[in-house]
Amino acid sequence: MEDLINARCGWAGTDELYIKYHDEEWGQPVTDDRTLFEFLVLESAQAGLSWITILRKREGYREAFHHFDVEKVAQMTQEDIERLMQYDGIVKNRLKINSTINNAKLFIAIQKEYGSFYKYTLSFFPKQRAIVNNFKTLSQVPATSPESDAMSKDMRKRGFKFFGSTICYAFLQAAGFVNDHLEDCFCKAVR
């Protein structure tokens with residue numbers, strides 16, 4: 001994979017959906033818990049799959065999971081799970097659907113404990129602020145970090161599913177807690 005394609009991080013390739021995600025969302029700081037829950041659900045769904053697969057089903061996930069209203073997702077029932085197992089708009093994996101509902105309940109518990117999921121996430125960062133890395137090549141970008149290790153360990157202890165350190169690091173990148181745009185990517189200068 002090329003490090004840069006058309007002055008952007010090479011992982012975005014030439015797919016229009018990937019490019020739009022890279023240019024408009026990836027690495028943008030997110031403080032809104034609803035959006036953080038969306039990224040948590042999508043990153044968890046991605047486990048074992050390519051990110052583009054999930055991006056292509058994103059609207060389906062929005063429809064299936066009440067536009068990521070965490071309270072509504074937490075109240076979903078076995079009947080909802082059975083319905084979603086027939087729904088082509090998402091990855092039809094029973095364990096992942098169950099984990100989304102389970103994770104919603106745990107997400108709410110964290111909000112109550114910390115005031116917001118955003119504050120909880122920041123608690124894993126030594127200076128309580130985003131990390132800006134200065135990588136020049138994609139091979140320098142890690143799959144995990146001390147922050148993702150600690151956060152995913154805590155989340156697993158709380159009962160979260162499909163949220164290991166690699167998924168957690170992808171979540172932190174997506175939501176702008178870690179800026180891993182390459183140095184020569186045009187997005188680096190605007191973030």
Side-chain angles (χ1 to χ4, degrees), residues 1-4 8-12 18 21-52 54-55 68 70 95-96 99-100 102-191:
M1 178 181 303
E2 293 179 56
D3 290 321
L4 291 169
R8 65 177 50 86
C9 299
W11 59 260
Y18 238 162
Y21 172 71
H22 170 275
D23 293 358
E24 297 175 13
E25 290 185 86
W26 193 74
Q28 283 278 34
V30 175
T31 59
D32 171 66
D33 272 11
R34 187 181 204 127
T35 304
L36 291 174
F37 181 64
E38 176 177 359
F39 280 131
L40 185 136
V41 170
L42 296 176
E43 294 291 352
S44 295
Q46 185 265 331
L49 302 169
S50 67
W51 182 240
I52 194 65
I54 302 305
L55 279 181
F68 301 107
V70 71
L95 291 175
K96 289 181 180 182
S99 76
T100 298
N102 172 71
N103 290 352
K105 294 171 186 173
L106 298 169
F107 190 97
I108 292 167
I110 285 174
Q111 287 178 312
K112 289 177 181 165
E113 182 179 345
Y114 283 82
S116 71
F117 196 82
Y118 172 75
K119 289 179 185 175
Y120 167 75
T121 305
L122 273 185
S123 75
F124 294 96
F125 289 79
K127 295 180 181 178
Q128 304 281 299
R129 63 178 187 225
I131 293 172
V132 178
N133 289 313
N134 300 303
F135 301 126
K136 294 209 173 276
T137 66
L138 291 174
S139 64
Q140 292 176 303
V141 180
T144 64
S145 69
E147 295 79 15
S148 70
D149 291 345
M151 184 172 170
S152 94
K153 182 180 179 181
D154 184 73
M155 290 176 74
R156 281 194 316 264
K157 189 169 66 175
R158 291 171 184 269
F160 280 83
K161 305 290 185 216
F162 292 100
F163 211 77
S165 189
T166 301
I167 296 288
C168 185
Y169 193 72
F171 166 83
L172 296 174
Q173 290 172 309
F177 291 97
V178 176
N179 183 336
D180 278 345
H181 281 285
L182 297 183
E183 281 299 296
D184 293 329
C185 173
F186 79 92
C187 289
K188 183 69 166 200
V190 297
R191 301 277 196 284

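At least one donor-acceptor pair closer than 3.5 Å links the side chain of Lys96 to the backbone N or O of Ala45. Between the side chain of Asn133 and the main chain of Val141, no donor-acceptor pair closer than 3.5 Å is present. Side chain of Asn179 to backbone of His181: a donor-acceptor contact under 3.5 angstrom is found.
Residue pairs meeting the side-chain hydrogen bond (donor to acceptor under 3.5 Å, both in side chains) criterion with at least one partner in residues 114-131, sequence neighbours excluded, are Tyr120-Asp154.
A salt bridge does not link Glu183 to Lys136: none of the charged nitrogens lies less than 4.0 Å from a carboxylate oxygen. Salt-bridge check for Arg8 with Asp23: passed, with a basic side-chain N closer than 4.0 Å to an acidic carboxylate O.
Taking every heavy atom of both residues into account, Phe39 and Glu25 meet most closely at CZ-OE1, 3.8 Å. Nearest heavy atoms, Met151 versus Phe171: CE-CE2, 3.9 Å. Residues Arg156 and Gly164 come closest through the heavy atom pair NH1-CA, 3.9 Å. Residue Glu43 comes nearest to Ala170 through the heavy atom pair OE1-CB, 3.4 Å, listed as atom of the first residue, atom of the second, then distance. Nearest heavy atom pair, residue Pro126 against residue Glu147, reads CD-OE2, 3.9 Å. Of all heavy-atom pairs spanning Pro142 and Tyr169, the tightest one is O-CE2, 3.3 Å.
The shortest side-chain heavy-atom distance between Ser44 and Thr100 does not fall under the 4.5 Å cut-off. Leu182 is not listed as a side-chain neighbour of Lys188, based on a closest heavy-atom distance of 4.5 Å or more. Within the 4.5 Å cutoff, the side chain of Asp3 has no heavy atoms near those of the Phe135 side chain. Leu40 has its side chain within reach of Asn103: a pair of non-hydrogen atoms, C-beta onward, lies under 4.5 Å apart. Annotation: side chain of Phe162 is not in contact with side chain of Asn102 (no heavy-atom distance under 4.5 Å). The closest side-chain heavy-atom distance from Val70 to Gln111 is below 4.5 Å. Cys185 places a side-chain heavy atom less than 4.5 Å from the side chain of Leu4. Contact of the Lys161 side chain with the Met155 side chain is not registered, since no non-hydrogen atoms from C-beta on lie closer than 4.5 Å.
Atom CZ of Phe186 sits about 9.0 Å away from atom SG of Cys9, to the nearest 0.5 Å. Between Gln173 atom CD and Ser145 atom OG the span is 8.5 Å, to the nearest 0.5 Å. Taken to the nearest 0.5 Å, the CZ atom of Phe117 stands 13.0 Å off from the OG1 atom of Thr35. Rounding to the nearest 0.5 Å gives a distance of 12.0 Å between OG1 of Thr144 and CD1 of Ile167. From Asp180, atom CG reaches atom CD1 of Ile131 across 9.0 Å, with rounding to the nearest 0.5 Å.
Scored by the salt bridge (Lys or Arg N to Asp or Glu O under 4.0 Å) test, Glu2 finds no partners at all (sequence neighbours excluded).
Aromatic ring centroids of Phe37 and Phe107 lie under 6.0 Å apart. Between Phe124 and Phe177, the distance from one ring center to the other does not fall under 6.0 angstrom.
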Worksheet item: Between Asp32 and Leu36, is a side chain to side chain contact (heavy atoms under 4.5 Å, CB included) present by the stated rule, with each step listed?
Response: CA-CA 6 Å; Asp32 171 66; Leu36 291 174; over 6 Å; no
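The aromatic rings of Tyr21 and Trp51 lie tilted to each other, with the angle between the two planes from 30° to 60°.
Defined by atom type and a distance below 3.5 Å, a donor-acceptor pair is present between the side-chain atoms of Ser148 and Ser165.
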